[in-house]
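The analysis underlying the following values was restricted to heavy atoms, covering all of them including side chains, and did not include hydrogens, waters or symmetry mates.
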Amino acid sequence: MSFASSVKRIAVVGTGVIGSSWAAFYLARGFDVIAIDPAPNAEDALRRYVEREWPLLQQIGLSAGASRDRLAFTADLKQGLDGVDFVQENGPERPDFKARFFAQIDAYTPKTAILASSSSGLTMDVIQAECANPERCVIGHPFNPPHVIPLVEVVGGAKTSGQTIENAMQFYDAIGKKAIRLHKALPGHVANRLQAALYKEMLYLVQQGVLSVEDCDAAVSYGPGMRWGCMGQSLQWHLGGGTGGIHHFMEHLMDPLAGMMQALGTPDVDDALKRAIVDGVLKQAGDRPVAELADEENRVLIGLLALRKAHGLA
Ligand SMILES: NC(=O)c1ccc[n+]([C@@H]2O[C@H](COP(=O)([O-])OP(=O)(O)OC[C@H]3O[C@@H](n4cnc5c(N)ncnc54)[C@H](O)[C@@H]3O)[C@@H](O)[C@H]2O)c1
C-alpha cells in the first residue's frame with residue numbers, strides 16, 4: 001500500500017488562520033481530523049470556522065465519507081498525536097519555539113507518520129534540528145487559504161529523506177492539492193517570493209506617481225492576473241510568440257523583456273508610501289468588511305477551479 005492511501009487520520013496542530021483552513025480541507029477530503037490547540041477559545045473558533053466554510057467545501061465537492069462529525073479536538077499534544085498517520089503543523093512562527101515544538105511532535109507521533117510544517121518563513125533545517133527522526137519532517141507550505149487554493153510547496157531539510165518528500169508529494173496530489181517540489185530551501189519558499197517580486201514594482205510605480213493604488217491593483221487583476229489563473233507566465237510566453245510559439249518569443253521578445261527588467265525600480269518603503277497603500281486599499285474595500293471580501297474572493301475562486309477542471313486544467 002502506498003503512503004498516500006494509508007493515511008486515514010490527520011493531526012492539525014495549531015488551529016489559527018492556516019490550521020483552521022487545513023482542518024476544514026482535510027475533513028472535506030474524508031479524513032478523521034484531530035485538531036490540537038491549547039488556546040482557551042480555539043475549539044469553538046475552529047468549529048464555527050468549519051461550519052461557516054462547509055457550504056463552500058460542498059460546492060467544491062466533498063470526498064466519500066467527508067463529514068464535520070469526524071473532527072475531534074484536544075488541547076493535549078501527546079494525546080492528540082496518538083495513532084495519527086500525517087501531521088500538518090501550524091503553530092507560531094518563532095525559530096526557537098518551532099524547533100522544540102517539532103521535537104515534541106516527533107516524540108509523540110507514530111514512527112510511520114510524516115510530519116509536515118506549514119511554516120512560511122523558517123527552513124526545515126531549523127525546524128528539524130532537535131528531532132530524533134528528522135528524516136520524516138518536511139515543509140508542506142500552503143497558499144492561504146488552503147481549503148480553496150491548491151498550491152502546496154514541498155521542501156525538505158538536509159536530514160529529510162527522499163522517500164518522505166516523494167510520499168508527501170504523492171499524498172498532497174492524491175487529495176487534490178497541487179504540490180510542487182523545491183529542490184533548494186529559500187527564505188519565503190517560492191510563491192511568496194514571486195508575490196514579493198511583483199509587489200516591489202507595484203510599490204515603486206505608486207511611489208513614482210505613475211498610477212493610483214486602485215489602478216495598480218486593476219492592472220494586475222484585470223490583466224495578467226486573469227491569465228495567471230489559467231496558466232503560468234512561461235507558458236503564456238508560448239502564446240505570446242504567436243504561431244512561432246516560445247521559439248519566436250525567445251528570438252524576438254526575450255531581449256526587450258530582459259531590458260525592461262533592468263529598468264524595474266526599488267521602492268523606498270517609507271511611512272508615506274505605507275499610508276498611500278492603506279488609503280488606496282480602504283477606498284477599494286469601501287464598507288465591505290474583510291470577511292465579506294474573503295467570501296467574495298472564495299466564491300469566484302471556486303468558480304475558476306470548476307472551470308479549470310471542466311477544461312482539463314485541474
Ligand atoms: N497566515 C498565513 O497567511 C500563512 C500562510 C501560509 C503558512 N503560514 C504558516 O502557518 C503557521 C501558522 O500561522 P497562522 O497565521 O495560522 O498563525 P496563528 O497565530 O493564526 O495560529 C497559530 C496557532 O498556534 C496555536 N498554538 C500556540 N502554541 C501551540 C501549541 N503548543 N500547540 C498547538 N498549537 C499552538 C495558537 O493558539 C494559534 O491558534 C506559521 O508557521 C505560518 O508561517 C501562515
Say whether [X] and [Y] are linked into one hydrophobic cluster, either directly or through other cluster members, by side-chain heavy-atom distances under 4.5 angstrom.
{"X": "Leu253", "Y": "Met250", "answer": "yes"}
{"X": "Val126", "Y": "Val154", "answer": "no"}
{"X": "Val281", "Y": "Leu203", "answer": "yes"}

**Message:** Ring centres under 6.0 Å, that's the criterion: do Tyr49 and His147 meet it?
**Reply:** yes
**Prompt:** Can the ring centres of Tyr172 and Phe86 be said to be less than 6.0 Å apart?
**Reply:** yes
Looking only at atom types and distance, does a side-chain atom of [X] sit under 3.5 Å from a main-chain N or O of [Y], one as donor and one as acceptor?
{"X": "Gln88", "Y": "Gly140", "value": "yes"}
{"X": "Thr160", "Y": "Cys137", "value": "yes"}
{"X": "Asp173", "Y": "Ala179", "value": "yes"}
{"X": "Ser5", "Y": "Ser2", "value": "yes"}

**Message:** On a heavy-atom basis, which atom in Thr123 and which in Ala185 lie closest, and how many Å separate them?
**Reply:** CG2-CB, 4.2 Å
Can you tell whether the side chains of [X] and [Y] come within less than 4.0 Å, N to carboxylate O?
{"X": "Arg100", "Y": "Asp96", "answer": "yes"}
{"X": "Asp295", "Y": "Arg52", "answer": "no"}
{"X": "Glu166", "Y": "Arg181", "answer": "no"}
{"X": "Arg47", "Y": "Glu43", "answer": "yes"}
{"X": "Lys8", "Y": "Asp85", "answer": "no"}
{"X": "Lys283", "Y": "Glu214", "answer": "yes"}

**Asked** CE of Met231: more than 12 outside heavy atoms within 6.0 angstrom?
**Response** yes
**Message:** Can you tell me if Lys184 has over 12 outside heavy atoms packed within less than 6.0 Å of its NZ?
**Reply:** no
**Asked** Thr164 and Arg136: side chain to side chain donor-acceptor pair (under 3.5 Å), yes or no, with the steps?
**Response** CA-CA 6 Å; Thr164 294; Arg136 54 148 161 188; over 6 Å; no
**Request:** Supply the atom-to-atom distance Ile36 CD1 to Leu81 CG, rounded to the nearest 0.5 angstrom.
**Result:** 4.0 Å
**Prompt:** CD1 of Ile139 to OG of Ser118: how many Å apart, nearest 0.5 Å?
**Reply:** 8.5 Å
**Prompt:** Does the pair Gln284 and Asp217 meet the rule for a side chain to side chain donor-acceptor pair (under 3.5 Å), with working shown?
**Reply:** CA-CA 10 Å; Gln284 287 189 77; Asp217 269 1; 2.8 Å; yes
